[in-house]
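The structure appears below as structure tokens.
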2 protein chains.
Amino acid sequence: MSEYPVSYVAVDVVAFSIADGDLAVLLVERGVEPWRGSLALPGGFLRPEEDLLAAARRELWEETGVDEPVLEQLRSYGAPDRDPRARTVSVAHLAVLPEPVAPLAGTDAAGAAWHPVGGVRRDALAFDHGAVLDDAVERLASKLEYTALGTAFLPEEFTLAELRAVYETVWDRPLDPGNFQRKVRGAADWVVPTGEQRAATRGRPAALFRARKTGTEPLDAPLVRGTV
Amino acid sequence: MSEYPVSYVAVDVVAFSIADGDLAVLLVERGVEPWRGSLALPGGFLRPEEDLLAAARRELWEETGVDEPVLEQLRSYGAPDRDPRARTVSVAHLAVLPEPVAPLAGTDAAGAAWHPVGGVRRDALAFDHGAVLDDAVERLASKLEYTALGTAFLPEEFTLAELRAVYETVWDRPLDPGNFQRKVRGAADWVVPTGEQRAATRGRPAALFRARKTGTEPLDAPLVRGTV
DNA sequence: TTGTTTCGTGTCAAGTCCACAATTAATGTG
DNA sequence: CACATTAATTGTGGACTTGACACGAAACAA
């Protein structure tokens, strides 16, 4: 075995949430070289006895304290020169956190913070994290079409208008409230009404729902981007 | 850097083709321990100056001589005990080869051969390759829905009946010839008629087509499994 | 010529999509 | 307290899509 080349394997996490109506991504400021001072995705090296997903969960936990995140593998990046220190392959992961956002910062490194995705300068991110972020945004948008991932942005109980706002934010396009409602309620076993209503701010109060399918479970009736 | 744990990074290839009307996967017989004598996916260790995709292309080339395959990353596998020799993370790839299948064997190891996917005993494959194969089949079936990947199974010129046979094989379900034809021709810029016809074997000769979109380019009008 | 086979087009009922109108249920304002 | 305003739902109808199946077209074989 020892005649084969070894590598470092890192695990990075692209964690999304919605902050102030914008899609936001969790970034840390690097405290060590290389790229000291630059923004980067939270991540670190795979430990000897750790599964890939477990490593991603640990990294996310270190920055946010979140225990059971919606988390799945995105893809791996292995350009030979992506880390100037040594040959490093990174396995990127995609996470979605509910809006009452994670404790903003500070257990580690130089602190984590949420950044609106539209305002992040891709070429200012460390390593190839700009490309990773683009891939993650694209994947997120398409996962919303055919999985129940959208509800992962919301607290346990939510209104359909809040869910619609998630879609409008990620897809960056307005959706018809009536048609959206029909589509969502038509997807078998996705959301169930609690019977309660949200205290009205303005207008007719909305019914509260709870998700029965979560994370990346597939929907039987996809919400197609460009229609809905 | 040296205080961090190192790993071996392997690249595996799940190469599909169609042989005798069955979906087939390329497997090698392992010539060394562990799993000596078992069937396994073609693969090997990432070399120091090699990109992940380049490594997968090299592994596939070593077994088949194919130069410019349709090839993309599938996902990575990193369970701590997946390789008894050492901590190894494998980046699996998905390839599709045209039917006039690759030179069957023998440059390396104990020779490669095509196996009908339905007949492969998953638990007899080396490492976690049974799970990798299942993931690849699932991914392949869904890629056929919304990308132009289907034509990668066929030679440069093909009939729509041949393309339909690809779909029927991968999805394991009969499709309506008329509706299939309309769907495919309706997808913008996917296939263009050459004007030629295939010499008839039986029945009316079929028109020949050439693919304008190939590989994993998305289709504007997806062929939804369960409909078409 | 007639039958057989497969390719390709036509047809139509049923269903879905989607823009927009109507209804419902709350709040805020004179 | 009417009544405008806001927002959540529900209704509607025309356009489009889907899918089962019929039909016409173009070859070969007997």
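Protein chains get the first letters and strands the later ones, always in sequence-line order, with residue 1 at the start of each.
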* **Short side-chain donor-acceptor distance under 3.5 Å, B/Asp12 and B/Tyr77** => no

* To do: Taking only the side-chain nitrogens and oxygens of B/Gln181, find out if one of them lies under 4.0 Å from OP1 or OP2 of C/dT9.
  => yes

At a cut-off of 3.5 Å, list every protein nitrogen or oxygen paired with a nitrogen or oxygen from nucleotides 23-27 of chain D, distance to 0.1 Å.
unit_1 : atom_1 : unit_2   : atom_2 : d
D/dG24 : N2     : B/Arg204 : NH1    : 3.2
D/dA25 : O4'    : B/Arg204 : NH1    : 3.4

* Could you state the CZ-P distance from A/Phe180 to D/dA7, rounded to the nearest angstrom? -> 17 Å

* Look at all strands and tell whether B/Arg198 reaches a base, only sugar-phosphate, or nothing, counting heavy atoms closer than 4.0 Å. => nothing

* Asked: Between B/Glu168 and B/Arg173, is the closest basic N to carboxylate O distance under 4.0 Å?
  -> no

Report all interatomic pairs (protein N or O, nucleotide N or O of nucleotides 11-17 of chain D) with separations under 3.5 Å.
unit_1 : atom_1 : unit_2   : atom_2 : d
D/dG11 : N7     : A/Arg182 : NH1    : 3.1
D/dG11 : O6     : A/Arg182 : NH2    : 3.0

* Asked: Can a side chain N or O of A/Arg164 be found less than 4.0 Å away from OP1 or OP2 on D/dA8?
  -> yes

* Contact residues, residues 186-193 of chain A to DNA chain C [heavy atom, < 4.0 Å] -> none

* Under a 4.0 Å N-O cut-off, is there an ion pair linking A/Arg122 with A/Asp134? -> yes

* Student check: side-chain heavy atoms of B/Leu97 and B/Pro69 closer than 4.5 Å -> yes

* Asked: Charged N to carboxylate O under 4.0 angstrom, A/Arg57 versus A/Glu68?
  -> no

* To do: Using a strict 4.0 Å threshold on nitrogen-to-oxygen distance, state whether A/Lys143 and A/Glu72 make a salt bridge.
  => yes

